[in-house]
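What follows is a single structure, written as structure tokens, with notes after it.
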Amino acid sequence: MSAQGHIVRHRRWLSVVLLAIALLIPTATAFAGPPSPLTPASTEATIIRDLYAIVFWIAVGVFVIVEGVLVYSVIRFRRQHPEEVPVQLHGSTPVEVAWTIAPAIIVAVLMLLTLRSMRTLYQIPSGTINVEVIGHQWWWEFRYPDLGITTANELHIPVGEMVRLRIESVDVIHSFWVPELGGKTDAIPGHTNTTAIQAMKAGRYHGQCAEFCGAQHAQMRIEVVASPPAEFQQWVENQKVAAAAPSDEAAQRGQQAFMSSACIGCHTIAGTPAQGKIGPNLTHFASRRTFAGASFETTPQNLAAWLRDPQALKPGTLMPKVGLSEEQINDIVAYLLSLK
Ligand code: CUA
């Protein structure tokens, strides 16, 4: 074999070994980038990860024992003489009893561990912060009833504090899932599910609707911003106030264009005539890093493209093409970006 062939073969083996290692270590970040339930950042996600690790290692043990016995038998008892018929055995009470009882014990242990974890997860103390999480096709609404705040796609929480989430939906079934912060919780129309998260460290955590809910299910994302309590309080204070009147001319023209177009039928901007309830609340739109179900970064270019033709960026979105002129688009972009 050529030297190159050897290298290719070695590389293949190396990738197989690396993959095996990645699969064998439940605590490892197998892939940088997508959020993983194996790198928990909250008390709840840690409970789930720990349960998973126990199940995983029990499964590894079972696999090694069963495959070990199998491989041993294949080698040890392989046919030596082609004409010889091996001794025929039928049934063995000790063996039958053993392989019935052993799995029953394993399953019972797993059930007890699962029930224990579930009990901890569902004991939600009355949280200092209540958030109503409402699924829409295809974005998330977050309301803080005690603070008088309504926002979208970006959920802000303080580190170290228990946050109670009351999850529901206005249209179809969605599922709220931020892997590093907790398990999946269904958002069901006409029914409220309650869960809680307590972030252990500050950061931005990505989530995703985890129940197929239509054309743009994949672009129904979530961003959770966990910040130190003082920073969170600052955010709260900013979100509570009505939108500031725009100071520069383009933004002022943008506000006029916005208020005299179809936009106000769906969107609310507190302190203005725009009081629509169907779409995301835009009062502090520019304070959010992303828009349209956390699908696009809040940049002038993305925003202009979105206003020009939302269907081109997110086919099926309930936001219609309003038919704005390029001038109006630029002005409305300036206005929206002034809503800090
Ligand atoms: Cu909402 Cu999938």
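Numbering of ligands and ligand atoms starts at 1, following listing order. Quick note: numbers below take in every heavy atom, side chains included, and nothing from hydrogens, waters or symmetry partners.
The closest approach of Glu211 to atom 2 (Cu) of ligand 1, by N/O/S atoms, is made by O. Distances from atom 2 (Cu) of ligand 1 to each N, O or S atom of His217 single out ND1 as the nearest.
A salt bridge is defined here as a Lys NZ or Arg NE, NH1 or NH2 lying under 4.0 Å from an Asp or Glu carboxylate O, and Arg204 with Glu180 fails to meet this definition. The pair Arg221-Glu223 does not count as a salt bridge, with every side-chain nitrogen at least 4.0 angstrom from each carboxylate oxygen.
Of all heavy-atom pairs spanning Val241 and Thr283, the tightest one is O-CG2, 4.2 Å.
Look at His174 and atom 2 (Cu) of ligand 1: no N/O/S atom of the residue is under 2.8 Å from the metal.
Centred on atom 1 (Cu) of ligand 1, the angle running from Cys213 (SG) to Met220 (SD) is recorded as 110°, rounding to 10°.
Aromatic ring pairs are classed by plane angle as parallel below 30°, tilted from 30° to 60° and perpendicular above 60°; the pair Trp306 and Phe296 is tilted.
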